Amino acid sequence: QVELIESGGGLVQAGGSLRLTCAASGETANYRYVGWFRQSPGKEREFVGGVNSAGDSTYYADSVKGRFTIARDDAKNTVYLQMNSLRPEDTAVYYCAAAPTRFSTTTYDKDYRYWGQGTQVTVSS
């Protein structure tokens, strides 16, 4: 069992920044690939980005590439999503999720076994 808790969401003006945190606990050794997803009202949940177990490979959706950065701190069992140059269209509930360690990358939510509760990000224009 793995528990994931997101934090760091909030209200920010367009052009601003936020850093989301995903804190993991439990049997994390087998589920070390971590992805970030988001979902806004009336839309499908979409992949934002992910980081592999070693922390040396990241993958991003085109919509956030160059603006968002994912990093992990294994000493703290934490993965971060740094979001810069935020836009109103980034408004959504953001979720972190854990997939089996063997994945080098996956954008499919069905591959993720554990999910956090989500944190709201609102970007005002």
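Nothing here was measured: the structure is a model prediction, and the numbers come from that model. We use all heavy atoms of the structure for the numbers below, so side chains are in, but hydrogens, waters and symmetry mates are not.
At a threshold of 4.0 Å, the pair D62-K65 counts as salt-bridged, since one of the basic side-chain nitrogens sits closer than that to a carboxylate oxygen.
Side chain of T78 to main chain of D73: no donor-acceptor pair is present (N/O by atom type, distance under 3.5 Å, no hydrogens or angles). Remark: the backbone N or O of C96 is paired with a side-chain donor or acceptor of E6 at under 3.5 angstrom. Q82 places no side-chain N or O within 3.5 Å of a backbone atom of R19 that could act as its donor or acceptor partner. A side-chain donor-acceptor contact under 3.5 Å links N52 to the backbone of S57. Panel note: side chain S125, backbone P88; no donor-acceptor pair is recorded below 3.5 Å. Side-chain N or O atoms of S40 include none that pairs as donor or acceptor with a backbone N or O of A92 at under 3.5 Å. Formation of a donor-acceptor pair under 3.5 Å by the T101 side chain with backbone atoms of A29 is found in this model.
For the atom pair CZ of R45 and OH of Y95, the computed distance is 7.0 Å after rounding to the nearest 0.5 Å. Between the OG1 atom of T107 and the OH atom of Y112 there is a distance of 7.5 Å, given to the nearest 0.5 Å. Y114 OH to N30 CG: the interatomic distance, rounded to the nearest 0.5 Å, is 9.0 Å. One distance of note links CZ of R72 with SG of C22; it measures 9.5 Å at 0.5 Å rounding. Rounding to the nearest 0.5 angstrom, the gap separating the OG1 atom in T21 from the CD1 atom in I5 is 11.5 Å. The distance from atom CD of Q39 to atom CG of D109, rounded to the nearest 0.5 Å, is 9.0 Å.
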side-chain contact (heavy atoms from CB on, under 4.5 Å) evaluation trace for N77 with T28: CA-CA 8 Å; N77 264 355; T28 59; 4.1 Å; yes
Take R38 and K43 through the side-chain contact (heavy atoms from CB on, under 4.5 Å) test and state the conclusion after the steps. CA-CA 10 Å; R38 66 186 182 186; K43 292 188 177 180; over 6 Å; no
Verdict with reasoning, D90 to F68, per side-chain contact (heavy atoms from CB on, under 4.5 Å): CA-CA 11 Å; D90 294 318; F68 290 12; 4.0 Å; yes
Could you go step by step and tell me if L20 and V121 meet the side-chain contact (heavy atoms from CB on, under 4.5 Å) rule? CA-CA 9 Å; L20 305 185; V121 171; 4.0 Å; yes
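By the rule that hydrophobic residues join a cluster once side-chain heavy atoms approach within less than 4.5 Å of another member, V12 and L81 end up as members of one cluster. Residue V34 is grouped with residue Y60 when hydrophobic side chains (ILVMFWY) are merged at heavy-atom distances under 4.5 angstrom, including chains of intermediate members. Residue L18 is grouped with residue W36 when hydrophobic side chains (ILVMFWY) are merged at heavy-atom distances under 4.5 angstrom, including chains of intermediate members.
Scanning all heavy atoms of the two residues, the minimum distance from V2 to Y31 falls at CG2-CD1, 4.1 Å. Heavy-atom minimum distance, V64 versus V48: CG2-O, 3.5 Å. Here the shortest heavy-atom pairing between A24 and L4 reads CB-CD2, 3.6 Å.
Counting only heavy atoms from C-beta outward, the side chains of R32 and D74 approach each other to under 4.5 Å. By the 4.5 Å heavy-atom criterion applied to side chains, I70 and Y59 are not counted as neighbours. S17 is not listed as a side-chain neighbour of M83, based on a closest heavy-atom distance of 4.5 Å or more.
Legend: residues meeting side chain to side chain contact (heavy atoms under 4.5 Å, CB included) with S25, ordered by chain and number and at least two apart, are E3.
The ring of Y94 has its center no closer than 6.0 angstrom to the ring center of F37.
The neighbour count for E27 CD, taken as heavy atoms of other residues, nucleotides or ligands under 6.0 Å away, does not exceed 12.
Residue V51 forms a side chain to side chain contact (heavy atoms under 4.5 Å, CB included) with just one option from T105, V79, T69, and that option is V79.
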